[in-house]
Amino acid sequence: QVQLVESGGGLVQAGGSLRLSCAASGRTFSNYGVGWFRQAPGKGREFVATITWSGATTYYADSVKGRFTISRDNAKNTVYLQMNSLNPEDTAGYYCAANVNGGAYQTQRFYQYWGQGTQVTVSS
């Protein structure tokens, strides 16, 4: 069992940066792959970024590539999402998710554990 808690969201002006954290409980978190997803008002939840258990492989949505960076510190049981050059289209609730296979998946159904989310609002 893994419990995930996101933090680091907030209000930022366009062009600014935020770093989200996904802190996990459980000794085996280092074996889990992790993804970040987001959901804007009135829209479905969409893939943002994902990382394998080792951190060796990452994937990004085209809309965030070059602006967002996913990373992890397994010693701290934490995965990060560094978000730079934010724009109003990035406004959404951001959720981290973990999968027991350790892979980097872009599809939500491959994830077994989800956090409650943290809100990111980008003003123009």
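Values below: every heavy atom of this structure, side chains too, minus hydrogens, waters and symmetry copies. This structure is a prediction, so every number in the text was calculated from the model and none was measured.
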field: Y59: ring pair (Phe, Tyr, Trp, His ring centres under 6.0 Å) partners, not counting sequence neighbours
entry: none
message: Which residue is it: D73, V34, T69? I am looking for the one with a side chain to side chain contact (heavy atoms under 4.5 Å, CB included) to Y80.
response: D73
query: Is the side chain of T121 donor-acceptor paired with the backbone N or O of T91 at a distance under 3.5 Å, no angle test?
result: no
field: Donor-acceptor contact present, side-chain S85 to main-chain G15, <3.5 Å
entry: no
query: Which pair of heavy atoms, one from A92 and one from Q119, lies closest together, and at what distance?
result: O-NE2, 3.4 Å
- request: Spell out, as yes or no, whether a donor-acceptor pair under 3.5 Å connects the side chain of Y60 to the backbone of I70.
  value: yes
field: Nearest-0.5 Å distance, CZ of residue R38 to CZ of residue F68
entry: 5.5 Å
- prompt: Taking all non-hydrogen atoms of both residues, which atom of S124 and which atom of A14 are closest, and how far apart?
  reply: CA-CB, 4.3 Å
message: Given 3.5 Å as the limit, does a donor-acceptor pair link the side chain of E6 with the main chain of C96, or not?
response: yes
query: If only atom types and distance count, is the side chain of Q112 paired as donor or acceptor with the main-chain N or O of F110 below 3.5 Å?
result: yes
- request: Assess whether side-chain contact (heavy atoms from CB on, under 4.5 Å) is satisfied between R67 and M83, documenting all intermediate values.
  value: CA-CA 6 Å; R67 300 188 298 123; M83 305 187 297; over 6 Å; no
task: Taking N74 for its side chain and W53 for its backbone only, find out whether a donor-acceptor pair lies under 3.5 Å.
output: yes
query: Between F37 and Y111, what is the ring plane arrangement, given parallel below 30°, perpendicular above 60°, and tilted in between?
result: perpendicular
- prompt: Looking at residues at least two apart in the chain, or sitting in another chain, which of them share a salt bridge (charged side-chain N to carboxylate O under 4.0 Å, His left out) with E89?
  reply: none
task: Determine the sole option in L20, T50, I51, V64 for which the side chain to side chain contact (heavy atoms under 4.5 Å, CB included) test with W36 is passed.
output: L20
field: Minimum heavy-atom distance between V120 and L18, given as atom pair plus value
entry: CG1-CD1, 3.9 Å
query: Can you find a pair of side-chain heavy atoms, one from Q108 and one from Y95, that are under 4.5 Å apart?
result: no
- prompt: Is the backbone of T52 close enough, under 3.5 Å, to the side chain of T57 for a donor and an acceptor to pair up by distance?
  reply: no
- line: Closest heavy-atom pair, A24 versus V2, reported as atoms and distance to 0.1 Å, is CB-CG1, 4.1 Å
message: On a heavy-atom basis, which atom in R72 and which in G33 lie closest, and how many Å separate them?
response: NH1-CA, 4.2 Å
- prompt: If you group Ile, Leu, Val, Met, Phe, Trp and Tyr by side-chain heavy-atom gaps below 4.5 Å, do L81 and Y105 land in one group?
  reply: no
